[in-house]
Asker: 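Attaching a single structure in structure tokens format; questions to follow.
Residues: numbered from 1 along the sequence shown.
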Amino acid sequence: MDFEAGIYDIAVIGAGHAGIEASLAAARMGMKTICFTINLDSVGNLPCNPNIGGTGKGHLVRELDALGGEMAKCADKACIQFRLLNRGKGPAVHSPRAQTDRRKYQELMKHTLERQENLTLRQAEIVDIGVESSSGQSQVSFVKTHTGAIFRCKAVIVCTGTYLAGCTIIGEVIAEGGPDGMFAATKLGGKLSELGLNLRRFKTGTPPRINARDVDFSKMEKQQGDKPPPPFSFETDEPVVNSVECHLTYTNKKTHDIIRKNLHRSPMHSGAIEGTGARYCPSIEDKIVRFADKERHQIFLEPMGQNTEEIYLQGFSSSMPEEVQLEMIRTVPGLENVEIMRPAYAIEYDCVDPLELSPTLEHKQISGLYGAGQFNGSSGYEEAAVQGFVAGVNAALKLNGEESLVISRNDGYIGTLIDDLVTKGTNEPYRMMTSRTEYRLLHRQDNADIRMSHFGNRVGLISNERHKRVLDKYKAVEDEIKRLESTFLPPSKALKNLLDSHDMPNAENGISLASLLRRPKMTYYDIATLEPLGRQNSLSSEIREQVEISIKYSGYIERQQRQLDELKRMESHKIPTDIDYELVKTLRIEARQKLNAIRPQNLGQATRISGVSPADAAALMIYLKSI
């Protein structure tokens, strides 16, 4: 029998990375919030790789931290190895990555939720979302648990991850369930479909875990962390600690032969898996088929924590039968004698078409209903976390009657992620990569604080003191750039020796410090040797980094800034919410259909819709000027 159990402002369904950030943001903004999870032991779970960040994803985490999110702080506390990826490339693609102690990360996140004022954490499966109609508008009104408890609320954020109608697959064994042996959410999907949401079937997967005691690490390459390892969060004062080593090994012809021999037993190739998988995170059997010319593939061994012998085999994702997985693994150098602790598996789940959502991540037809994370068609912890934050903030802002927070693609990676989902949609699990953004040099991970902290400050999640520290930091950067531009070095023996040491021509007439820094391979530390002792230590390493990047890449930065200014100009052309595109006869039929379905907020967003041509955009601009 149903019963009234409580009244809240916001209900969050799910306590994975999206649900955590949504709940914390809403509660910290003063909303009475309740967060539901099928199992309290799954809060903050890392069901796939035991790390936070990586290429492109690290940018998201740094931006989230600058907004006032929690993920980076927790990653620093649980970090067991830190690396800045792509150091051999330019700063635009440098990406932080923290190998974490999986259980410690969960423990820290769960405790953070438990201690948060205005937030209730509750174990229960949500089976129903109540929707009422008022003045022709549908509005969420309650959520109901599997035990019949009804919680009244004004907003609901769906963060169901891979639990929604979840189904795990290992060879011929197909079972209803969520990640890591948890129960699936079996009833909510039907209710969402009744409400008119267009649900689709996606798939992801995870590699096997093995016992470290059986591994011969002498046959592998060591993968050590950075020295010293910088922290993930802008607010972490102490360096993180590298306490473990990762290792690298490779598949070989024997591995590939076993996979090819058993392809008929692979659910991916037999048709047992119906959901669409992630293009950029293929299974090992998919790699062998798609890249048949490759003689080997990388396998990274990543420790799951300091108090466990479990090792994650990065790159060995599979849905093959368990006995085939073991046969495959034992052909890899160093893994000849291992036992599987957890077999690899694929998991199918339901998610919504993100084209049904606005840039605030609210459903266009149901007021107060928001989506975040894998429910929105994305993949990955980091993509989920930033969406959860945006959904939680916007739900709180709406209930407070305040202007919504829309982070656009001209602001950074979070904006690109959300814009791609709600404007272009996705036919496969969406993964963030540095190639997704057009403005990589402007949207670096190192300058996320100046790009994002004003948003966090506006909604009350970044304090005035923290925001002032950011502004002071970049004022110091600006002052130092001006000093280097205006400081001229006359010819000297020290200058000649420095240039000779870098195999550079001598500056016979002297040179400014900024011009010297622009030269290839010249660093801030190099030019500091030509100044009074101690000058190089008068500024923090973060400020020196910003100065060096700004000066070395000034031409490229200015070019991207002009492109960004053009995008901002396009996005300044707002589109009325009640516009009827059928009246714009100069638009092609396909463009009218797409524009009516997606309802872009501005001309810039309209131009990025698949099916809207440059000619359609020009016609729409002319029409907007006429009304």
Asker: Return yes if some donor-acceptor pair links the side-chain N/O of Glu63 with the main-chain N/O of Ile414 below 3.5 Å, else return no.
Answerer: yes
Asker: Please verify the inter-ring angle class for His256 with His297; under 30° counts as parallel, over 60° as perpendicular, anything in between as tilted.
Answerer: tilted
Asker: Quick one: sort the Phe151 and Tyr8 rings into parallel, tilted or perpendicular, breaks at 30° and 60°.
Answerer: tilted
Asker: Please determine whether a side-chain nitrogen of the Lys or Arg among Glu107 and Arg103 lies less than 4.0 Å from a carboxylate oxygen of the Asp or Glu.
Answerer: no
Asker: For the residue pair Leu421 and Gln387, what are the closest heavy atoms and their distance?
Answerer: CD1-OE1, 3.7 Å
Asker: Among Arg152, Lys154, Lys32, which one satisfies salt bridge (charged side-chain N to carboxylate O under 4.0 Å, His left out) with Asp9?
Answerer: Lys154
Asker: Side-chain donor-acceptor pair under 3.5 Å between Gln445 and His59, yes or no?
Answerer: no
Asker: Between the side chain of Arg330 and the main-chain N/O of Val338, is any donor-acceptor distance below 3.5 Å?
Answerer: yes
Asker: Flag the pair Leu164 / Cys351 as yes when at least one side-chain heavy-atom distance between them is below 4.5 Å, and no otherwise.
Answerer: no
Asker: Between the side chains of Asp76 and Thr236, does any donor sit under 3.5 Å from an acceptor?
Answerer: yes
Asker: Distance from Met109 atom CE to Ile20 atom CD1, nearest 0.5 Å?
Answerer: 5.0 Å
Asker: Would you indicate whether Gln123, at its atom CD, is surrounded by more than 12 heavy atoms from other residues, nucleotides or ligands within a distance under 6.0 Å?
Answerer: yes
Asker: What distance do Ile126 atom CD1 and Phe142 atom CZ have between them, rounded to the nearest 0.5 Å?
Answerer: 10.5 Å
Asker: Given salt bridge (Lys or Arg N to Asp or Glu O under 4.0 Å), test Arg342 with Glu310 step by step and report yes or no.
Answerer: CA-CA 9 Å; Arg342 304 186 200 220; Glu310 267 192 279; 2.7 Å; yes
Asker: Return the CG to CG distance between Leu46 and Asn51, rounded to the nearest 0.5 Å.
Answerer: 8.0 Å
Asker: Give me the atom names and distance for the closest heavy-atom approach of Asp65 to Ser233.
Answerer: OD1-OG, 2.8 Å
Asker: List the steps, then state whether side-chain contact (heavy atoms from CB on, under 4.5 Å) holds for Val393 with Leu461.
Answerer: CA-CA 9 Å; Val393 166; Leu461 296 174; 3.9 Å; yes
Asker: Would you say the side chains of Ser243 and Gln306 form a donor-acceptor pair under 3.5 Å?
Answerer: yes
Asker: Could you measure the distance from the OG1 atom of Thr426 to the CZ atom of Arg431? Nearest 0.5 Å is fine.
Answerer: 13.5 Å
Asker: Treating Ser283 as the side-chain partner and Asp286 as the backbone partner, does any N or O pair qualify as donor plus acceptor under 3.5 Å?
Answerer: yes
Asker: Taking Asn394 for the side chain and Val390 for the main chain, is one N or O donor matched with an acceptor at less than 3.5 Å?
Answerer: yes
Asker: Answer yes or no: is there a donor N or O on one side and an acceptor on the other, between the side chain of Glu322 and the main chain of Ala344, under 3.5 Å?
Answerer: no
Asker: Is the closest basic N to carboxylate O distance between Asp350 and Arg200 below 4.0 Å?
Answerer: no
Asker: CZ of Arg213: more than 12 outside heavy atoms within 6.0 angstrom?
Answerer: no
Asker: Might you work through the side-chain contact (heavy atoms from CB on, under 4.5 Å) test for Ser42 and Asp180, ending with a clear yes or no?
Answerer: CA-CA 9 Å; Ser42 69; Asp180 277 335; over 6 Å; no
Asker: Less than 4.5 Å apart, any side-chain heavy atom of Thr162 and any of Phe202?
Answerer: no
Asker: Restricting to non-hydrogen atoms, name the atom on Lys57 and the atom on Ser379 that form the minimum distance, rounded to 0.1 Å.
Answerer: NZ-O, 4.1 Å
Asker: Can you check whether Phe82 and Phe232 have ring centres sitting under 6.0 Å from each other?
Answerer: yes
Asker: Regarding Thr255 and Asn252, is there a side-chain donor-to-acceptor distance under 3.5 Å anywhere?
Answerer: yes
Asker: Under the criterion salt bridge (charged side-chain N to carboxylate O under 4.0 Å, His left out), which of Glu323, Glu327, Glu285 is the partner of Arg265?
Answerer: Glu323
Asker: Hey, what do you get for CD (Glu383) to CG (Asn376), rounding to the nearest 0.5 Å?
Answerer: 12.0 Å
Asker: For Asp216, which residues count as a salt bridge (Lys or Arg N to Asp or Glu O under 4.0 Å) partner, sequence neighbours excluded?
Answerer: none
Asker: In plain terms, say whether Lys77 and Asp101 are close enough for a salt bridge, that is, a side-chain N and a carboxylate O under 4.0 Å apart.
Answerer: no
Asker: Assess whether a salt bridge exists between Arg409 and Asp420, defined as any Lys/Arg side-chain N lying under 4.0 Å from an Asp/Glu carboxylate O.
Answerer: yes
Asker: Are the charged groups of Glu70 and Arg28 less than 4.0 angstrom apart, N to O?
Answerer: yes
Asker: For Lys364, does the NZ atom sit with more than 12 other heavy atoms under 6.0 Å from it, leaving out its own atoms?
Answerer: yes
Asker: How long is the straight-line distance from CD1 of Ile299 back to CD1 of Ile329, given to the nearest 0.5 Å?
Answerer: 9.0 Å
Asker: Quiz question: by atom type and distance under 3.5 Å, do the side chains of Glu302 and Asn49 form a donor-acceptor pair?
Answerer: no
Asker: More than 12 heavy atoms of other residues, nucleotides or ligands under 6.0 Å from CD of Glu176: yes or no?
Answerer: no
